[in-house]
Structures are given as structure tokens and as C-alpha cells.
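Okay, structure first, notes after.
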Amino acid sequence: MSKYPFTEIEPKWQKYWEDNNSFRVEEDPSFPPEKRMYVLDMFPYPSGAGLHVGHPEGYTATDIYCRYLRMNGYNVLHPMGFDSFGLPAENYAIKTGTHPKATTEKNIEHFTKQIKSLGFSYDWSREIKTHTPEYYRWTQWIFLQLYKKGLAYESSAPINWCPSCLTGLANEEVNDGTCDRCGAQVEKKNIRQWILKITEYADKLLEGLDELDWPESIKAMQRNWIGRSTGADVKFKIEHLDKELTVYTTRPDTLFGATYMVLSPEHPLVDALTTDEHKSAVEDYLRAASLKSDLERTDLAKEKTGVFSGSYAINPVNEQKIPIWIADYVLISYGTGAIMAVPGHDERDWEFAKVFNLPIIEVLQGGNIDEAAFTGDGLHVNSGPLDGLGKQEAIDKITAWLEGQELGEAAVNYKLRDWIFSRQRYWGEPIPLVHCPDCGIVPVPEDQLPLTLPEVESYEPSGTGESPLARIEEWVNTSCPVCGKAAKRETNTMPQWAGSCWYYLRYLDPMNEGEFVNEAVQDYWMPVDLYVGGSEHAVLHLLYARFWHKVLFDLGVVKTSEPFERLINQGLITSFAYQRPNKSLVPVDEVEEKSETEFIEIATGESVIQTIAKMSKSLKNVINPDDIIAEFGADSMRLYEMFMGPLRVSKPWQTKGLTGVHRFLDRVWRAAEKPITSETAPESLEKVLHKTIKKVTHDTAELEFNTAISQMMIFINEQFKSEKLYKSVWERFLLLLAPYAPHIAEELWEKLGNEPSVTKRDWPVYDEAMTIENLVTVVIQVNGKLRDKIELARGTDKAEMEKLALASEKVKAHTSGKNIIKVIAVPDKLVNIVVK
RNA sequence: GCCGGCGUGGUGAAAUUGGUAGACACAGCAGACUCAAAAUCUGCCGGGGGCAACUCUGUAUCGGUUCAAGUCCGAUCGCCGGUACCA
């Protein structure tokens, strides 16, 4: 394959852009507000593995879009940085003793080099790294604002504990009972933690979603995660005990069907409610439950277990005595940790009642409660005053009655839990608080920020679960900022999410030493007009960032209620892999390709099928962008990632497919070697150019890059037929190509004798009239089937079309001897003749 | 189970408001150039039937609406992502 000299021109133009600060951006007031765009990529965690092909996908998309916007007269903010606190560097430090800062900065250097080798138009002068004291000073400052607003509290409730990361995890960081980061089994553990009251913002986070231009799937995930439900809290009296038991239910209308109650094993009243007679059985059950992991309590164990406490509660609506059970299918973390069980109309309660032979009463008609719980709507029965009412009416009526009797009240609950914000680790932002024996918890004064990380000798967390910082005496021991007495620093650090919660704000004003971001600069750019990244951040990062932003909004320090106006998830880049008949996957290098559709596993000789899988080291199907750039060039890499398919869907990488776009660029290069003329181009070529400008303009604006590239290929195939290169046509084509393949476009632009740089030129315009053909192909159908095609002048009227259509010999063959019922003519499109 | 999304050639994919299904590529086949190969250029390329003109059929499956359905509606099957004892 002949290769155009991309190895020379790509570094040449990257150096040119850098030397000329081509992409540096300022808050220039001459751009009207609607011509200011903030286009943001999710910044990477600088892992030791370097860039993978997934990173450049989103980055290329935004780069093309930004270059396109600049050529259309926009002032574009397009920054890049690094999410550089994080566990892998610390774990590496534990293993090798290398300072996480050294590892991190080396990785950043590598990432920067890789990112720059793709020719992206970032304003590098705004680069931020979350691990630098200049940056995390303000992360700490924001934490203090949350603390002062009462949104941060200490607690030692049982939390998710990862025994491998030796740190606490938020609910959303646990997948199937395993740690989101390392995959280890998560345990329950009591340890002192800092927690952020994200639940206080549950409603705001929910409502804010409505106004956002985000994918529905992501909004649905966040709504589902917040999990708002409405119902009622109901108080139950307990027989022979002066205590009340409050339960939360979404179905207070089924109160007459409550035949027993269930407490979570961790419920505070368990002890008091257990009678002597049942004590040993209950204790055995509690012990067994505490030993179960989350995974065993949920995924694996659908079989209901439980134990009777010996006590009874009184149903407030009918004074019925109902037994109180203890069972681990009730979670302490949701609602009140206790439920009223209505086995007739709740699947879980039904299953439990079947196992323990508890009574099942029908209070709502419509199902067969001997077979299964009925959860639909219907008329109430056996429910006293609710009889004959439907679901919603009954809920309203009983809730009002409970409130009147002071037996309960309407209530709202959320699945969302507060956010465990502290990590017992070294490589994160120190939480800027001091524990004083007299004054209690005291914030570090803002003018003493940043509170920097001390040097440590060992990165191993202390055996007690405390952070390695706890062992640095000279750092931990400090004086109280209020009373001056000896005090101790908080030794927990912040989770990795902290830095990424607000980085988009710091890009606006990265050098500001007096405030986290200047107000006028915010007004100029915010909110983020387009945010592009992977859907793996659908709940975690995107929910946390929205939470912080809303807090900052309520504090009056940011002006928009939402940070990211429009969000797009790029699809995952997958790879081919091979699958055995039992569905297990085989690494690529253990398979031989017999033919296009036949593959065998070398070791066994068994045939396997080709399938699509995530890239992974174990499947040996990971593609390294460096190799691709070395062999085909950055422009080919960029173009291929966009040509593979729509940005938003996942698609498999095929290096073979890359040759197509590489050949296209090679053709562009060779086309430029033809003799240049300033003569007027033939109309046919000029027309193809206008169509190309139209399509590329539309598709680039809509981020439909794959079809824009197809159209440029059509243009070059047309241009290639010509012996000459028409300067005016060629120039405009190079401008279209520039956002997509900026290096070759710059080089060929210069080769035409033009001043660099193409990035500063105006986007070409098209003439609508030139995109329209005078002759159109009109299709003639008989009963909807294609029978003939005729070339007609554009705008031929219906009557004429019908006449010509009926005159067609091919049509006559299908209409002769039949009755023409109807003729439909769509101008410039088709004629359909309906016959019988 | 629930929520969200997707099913189009050998492969990646196009199809703007319902109006020629498969643009643009990859792979394949044939030819040109070449001593030869690579590269390049040209042509063919959903399936069945036919020497051919042509014809039947085809967008996961079944049904519906319409002059006309990949596109709209209903049901079913399959795949992907999320979530799951949240009362």
C-alpha cells in the first residue's frame, strides 16, 4: 500500500499549532453569547496502561465538532486534564514503594503525548490535574462549604467495606456484591466515615433531569437510582410493651390485609421485642444473618428465611393482633427497617407467608391469592370503609384517616442513600477538618488551604482500617484553629469522585488563586453546552457532579442549576472474540480462521463462532492506538473511529476496515498531485462539491460523522476522474476535510500556496440550487411494485407524470386487461398505479 | 422480574417527513498494468429462477394500518446495557 508521508506532516502541524497557540481561547467579549460554546470531554484517569481506543472516540468527535464550530465563527472552550488521584497508583506504591505522585505524573506525561499525537485542538494552557495542591485546594474549599451547610456528617453505621482496597464504598460503587474497582467481595463493617447528605438533594436531582438534553436511558438510570416512592408511615402499637413500631408502605390501602410484621435483623427494637421463650432462636438467626454477605442476602438467597420474635403488634385499622417476625428480606437501610406484611398483595410477603404458613387475606379483587400475590388494581374487599374503592382512592382515603387519628402520615422515600465520602487511603485530598477535644470538629480555616499531603514512608493502610496518614505523627498532631490547644487532624481522604465533581468549573479559570472560579468567566461560558463520555458514568460521576453543582448553586457561587446542558454517550468500541458452544470465550490467538465464516479452536479442533465482546487483556483483543498511529497515521485513526458507525452506538473494531479510510486519505493526497488550474470547474464537479458541503455541514452539526465521511469519499471519487485539480473546488473541499483530518488538510492547504492555517478559515457555503438536479428519476410502481423508471425534468406536474407513467411499455405489461382503480403521483418521486 | 435500547448482505453500516432497500467502505470474484508480486485503476457483488430481456423473493418472527412500511401500530422471539427482596 502506498503511503502518503503522514509521519512527516503530522508532527509538523502539531508543532505548528503548539508554537502558534492556535487553540488558546480567551473570554473575548466580541463574540455574542450565542456564539460561545463549551465542549467538554470526560477527562481520563491516567492509568499505567495508557490510552485505549475508547478514549480517542469521544475525543475525536468533540475535536471535529469544535474545529467545525470555530470555522463557523464560534468562540470554543475545549479543555483537557487529568483525574489523577486514584487507587491504582497507591496500590502500585504499596507494591513497589514508588511515590504515587511519581507514578501518576509519569502516566500523565505518557497520556499527554498520546493525546497530542492525535492532533486534538485542546487549549492546553487550561490543563488541570486533580492531584496538584493548586487544584485540590479548591476541592477542599468546596468540601468545607458542604460541611458548613450541614451536608457532611460523621457516622459509623455499617457500611460497605472492600477488604482488598481497605476502604469504604458507597452503594453505587458495589456491583453484585463486589467492589466496583477491584472486584473483591464487599463486606459489612462499622468504621467512622464522613458522609455527604446527597439525599437532601434527591428531589432537586430528580426534577432537574426534566430540563436536560440527555439520553433517555441515562435519565432513566438516574431516576431509578434516586428511586422516589410515595406512601405512608404507619404506627403500630405493640402488645404488652409501651413502644410503637413505624413502618413505611407504598400501599396503605392494603392495611386490612396485613397479617404479620417483619423487622430487619438490624432493627433497634429487635432486642426489646424478643420474648425469653424465643431468645435463643432469634440470636441464632441474627448471628447467621450477620455472617451473610450482601451477595448471599440478595442475589443468591431468594428463599425466604426468618424467625418469630414472640411479640405481637396491633393493626391500627382493625385492632387485630398480628405476629412480629424478624427476617433478612427486610433491609435496615430502606424506609424504617420494618414492614407490615400483606401477603395477599405483595410477592415477597406472599412467598414468606407460604414458607411459614402465615394467613393470607384478600383485600383487593382481581387475582387469585392462592396462586400468587395480586399487585394490580381492583376493588377493595374485607377492608371496612375502603370496600368498593379502587387503589388510588383507597390510598388517599386511608392516608387521610391515619393522619386524622394520628396513627400515621403520608411519606416519601428514596432508594438513594447518603454518599460515603471518606476513604482510608493516602492518595486523595485530605479532608480539611481538625478534631479538638474541647471544640469538637473544627474546619481548617480557608486561608490555610490547601492542606497538603505529607510524605509517608509506607502506603499500607494501618491494620485498624485507618488511613496511612494516621501514622504520621507530625502531620496528625496539630493545634485547634479555634482554641489553639493540641488537636488531631482528620486522617480520612476524599474519594476519587471529588476531583471530577467540579473540574469543568476550574477549566474556566484554572490560574485563579483568589477564588475557585471567577463569576464573570462563569457567565461567559456556563453551562457546558456539550459533554461527551462513556455511559459507565451514568449514575456515579454524573449524579455526584450534579449534586455538588446544585449545592454550589444554592450557595450562590454558581449561576446555573445544572452543569451539563447536553450529554452524549459515545458507544463502546468492542472487538471480535470467539465463543465455544457452551458460550465461554476463547482468546483471539487461540483460534484459527478456516474461512470467512468458519473458525476453530486450535487446542481442541472444535469449531467456535465469531462474536462481539468487550476488549480485554484476557481475550487478547485490545487495540493500542499508538500502533495504529504508527502504521496508518493519526488522521486515519481519527477518520476510522468516526467512520465505523454512529457515535452513540457500540461497534466492533476491525483493523481491516481502517484500510478504507486510509486509502481515502491516500487518494486525497494523490489527487493533490494533479496539475492545478484556476479554470472554472465543470458543472458536474461543482455540483458534487455543493452537495458535499451541504451534507458535511448538516452531518457535522448533528455529530453524524460517519455519513459526512461517506460523502467526502463520494466527492473524492468524482474528483479523481478529473485530470486537473480545480483550485477553487479543491480549497473548499480541504476546508470540509480539515476538522476530520486536520494534518493532511493543513499540509495540502499550504501546498496550494495559501497562508496557514486552515483552522482559521471560514467554513465553506453551498448554493441550494447547485445541490438540486434538473433531471430526477421517477419510479413507476404498479400495486406498489417497481416496474419502470423514467427521467423527468424536476417539477413535472402530476398530470404529465401520470400520462408518461401510463404510456410506459413495461407498465402496460402489468396493467393490460386490468382496471385502473387509482393513480397516485408524488412530484419528483414516483407514480403508483393501483389496478385490479 | 422491572427499566432503557437494538435486531437490515459474508462484515462495518446507509436510507432527511412513510415513497427506488443496501449509499459509503471492508472482504470476495473478474479484468487492466507488471517478467512477477505489491500498490494502483476498472467492473461485478442480498437470495432463488432464467442464455437473456426479465421475474419471484428479501430489513428477527407473526399480524395490522396504508395506494405505498426497514420506517407507523399490536404481539412474539433474540441480543445488549442498567437494576433488583427498596415494602
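Here is how names work: the chains are called A, B, and so on, in the same order as the sequence lines, proteins then strands, and each is numbered from 1.
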Gap in Å between the two P atoms, one belonging to C35(B) and one to C29(B), rounded: 24 Å

How is K789(A) classified with respect to the nucleic acid when contacts are heavy atoms under 4.0 Å: base, sugar-phosphate, or nothing? base

Which atom of I326(A) lies closest to which atom of P265(A), heavy atoms considered: CG2-CA, 3.8 Å

Could you tell me how far apart W653(A) (CH2) and A13(B) (C1') are, to the nearest whole angstrom? 16 Å

What contact category does F643(A) fall into here, base, sugar-phosphate, or nothing, at under 4.0 angstrom with non-hydrogen atoms? base

Grab the CD1-C1' distance between I218(A) and G4(B) for me, whole Å please. 10 Å

If we take the P atom in both A52(B) and A15(B), what is their distance in whole Å? 34 Å

By nearest-nucleotide position on RNA chain B, the 5'-leaning member of T250(A) and Q654(A) is Q654(A)

Whole-Å distance, R667(A) CZ to A25(B) P, equals 8 Å

Could you check whether any side-chain N or O of R787(A) sits under 3.5 Å from a backbone N or O of G784(A), counting only pairs where one atom can act as donor and the other as acceptor? no

Please classify the nucleic acid contact of R228(A) as base, sugar-phosphate, or nothing, using heavy-atom distances under 4.0 Å. nothing

Strictly by Watson-Crick or wobble contacts shorter than 3.5 Å, is anything paired with C41(B), and which nucleotide is it? G31(B)

Run the salt-bridge test on K651(A) and E57(A) with the 4.0 Å N-O cut-off and return the result as yes or no. yes

Give me the distance, rounded to whole Å, that separates C72(B) from C79(B) when you measure between the C1' atoms they each carry. 24 Å

Of the listed nucleotides U83(B), U42(B), A87(B), the one nearest the side chain of D346(A): A87(B)

Picking from A23(B), C85(B), A84(B), which would you name as closest to the side chain of S710(A)? A23(B)

Describe the nucleic acid contact of N413(A) in one word from base, sugar-phosphate, nothing, applying a heavy-atom distance below 4.0 Å. nothing

Reckon V834(A) touches a base, only the sugar-phosphate, or nothing at all at heavy-atom distances under 4.0 Å? sugar-phosphate

R228(A) and D203(A) ion-paired at < 4.0 Å: yes

Spacing of the P atoms in C54(B) and C45(B) (rounded, Å): 14 Å

Among G82(B), U83(B), A13(B), the one nearest any side-chain atom of M221(A) is G82(B)

Is S229(A) touching bases, backbone alone, or none of the nucleic acid, heavy atoms closer than 4.0 Å? sugar-phosphate

Nucleotide-resolved protein contact map, nucleotides 44-56 of chain B, B/S/- at heavy-atom distance under 4.0 Å: ----------SSS

What interatomic distance, in whole Å, is found between P of A23(B) and the corresponding atom of A13(B)? 15 Å

Please report the distance, rounded to the nearest Å, between CD in Q222(A) and C1' in C3(B). 14 Å

Side chain of M713(A), heavy atoms from C-beta onward: which of G19(B), G12(B), A25(B) has the nearest atom to it? A25(B)

Regarding N706(A), tell me which of base, sugar-phosphate or nothing describes its non-hydrogen contacts under 4.0 Å with the strands shown. sugar-phosphate

Contact nearer the 5' end of RNA chain B, comparing Y414(A) with T777(A): T777(A)

Does one side chain, of S229(A) or Y334(A), offer a donor that lies under 3.5 Å from an acceptor on the other? yes

Classify P215(A) by what it touches in the nucleic acid, base, sugar-phosphate, or nothing, heavy-atom distance under 4.0 Å. nothing

Base-pairing mate for A15(B) - Watson-Crick or G-U, with both contacts under 3.5 Å: none

pair_partner(C51(B)), Watson-Crick or wobble, both distances < 3.5 Å, evaluates to none

Please state how far atom CG in L572(A) lies from atom C1' in C6(B), giving the value in whole angstrom units. 15 Å

Per atom distances to the L331(A) side chain, the nearest of A87(B), U42(B), G19(B) is A87(B)

Pairing partner of G1(B) (Watson-Crick or G-U wobble, both distances under 3.5 Å): U83(B)

Distance check, C1' atoms only: A14(B) and U8(B), in whole angstrom units. 10 Å

Salt bridge D210(A)-R223(A), side-chain N to carboxylate O under 4.0 Å: yes

Does a side-chain N or O from N569(A) land closer than 4.0 Å to OP1 or OP2 of G5(B), or not? no

Strictly below 4.0 Å, N to O, side chains only: are E718(A) and K691(A) in salt-bridge contact? no

Give none if C72(B) has no partner; otherwise give the nucleotide forming a Watson-Crick or G-U wobble pair with it, both distances under 3.5 Å. G64(B)

By nearest atom, which of the nucleotides A14(B), A27(B), U20(B) is closest to the K656(A) side chain? A27(B)

Select one nucleotide: of U83(B), A15(B), U40(B), the one nearest the side-chain heavy atoms of T707(A). A15(B)

Atom C1', compared across C3(B) and G10(B): separation rounded to whole Å: 36 Å

Do the numbers put R670(A) on top of the ring of Y4(A), so that NZ or CZ is under 6.0 Å from the six-membered ring centre and no more than 45° off the axis? no

When rounded to whole Å, the CG to C1' distance for the pair L665(A) and A25(B) reads 13 Å

Rounded to the nearest angstrom, tell me the gap between atom CD in E704(A) and atom C1' in A14(B). 11 Å

If the P atom of U59(B) is compared with that of U20(B), how far apart are they to the nearest Å? 15 Å

Looking at A338(A) and T246(A), what are the two nearest heavy atoms and their distance? CB-O, 4.0 Å

More than 12 heavy atoms of other groups within 6.0 Å of E244(A) CD: yes

Is there a donor-acceptor pair closer than 3.5 Å between any side-chain N or O of H345(A) and the backbone N or O of F374(A)? yes

From the set U83(B), C85(B), G19(B), return the single nucleotide nearest to any side-chain atom of K415(A). U83(B)

Taking only N and O in the side chain of R670(A), is any of them less than 4.0 Å away from OP1 or OP2 of A39(B)? no

G9(B): syn or anti, with syn meaning chi within 90° of zero? syn

Can you tell me how far C1' of U11(B) sits from CE of M644(A), to the nearest Å? 12 Å

Proximal nucleotide (of A87(B), U11(B), U83(B)) relative to the F576(A) side chain: U11(B)

Mind checking L830(A) for me? I need base, sugar-phosphate or nothing, with any heavy atom below 4.0 Å counting as a touch. base

Candidate nucleotides U83(B), C41(B), C26(B), ranked by approach to the side chain of R663(A) - the nearest: C26(B)

Within the distance-only criterion (no hydrogens, no angle test), does the side chain of Y285(A) pair as donor or acceptor with the backbone N or O of D328(A) below 3.5 angstrom? yes

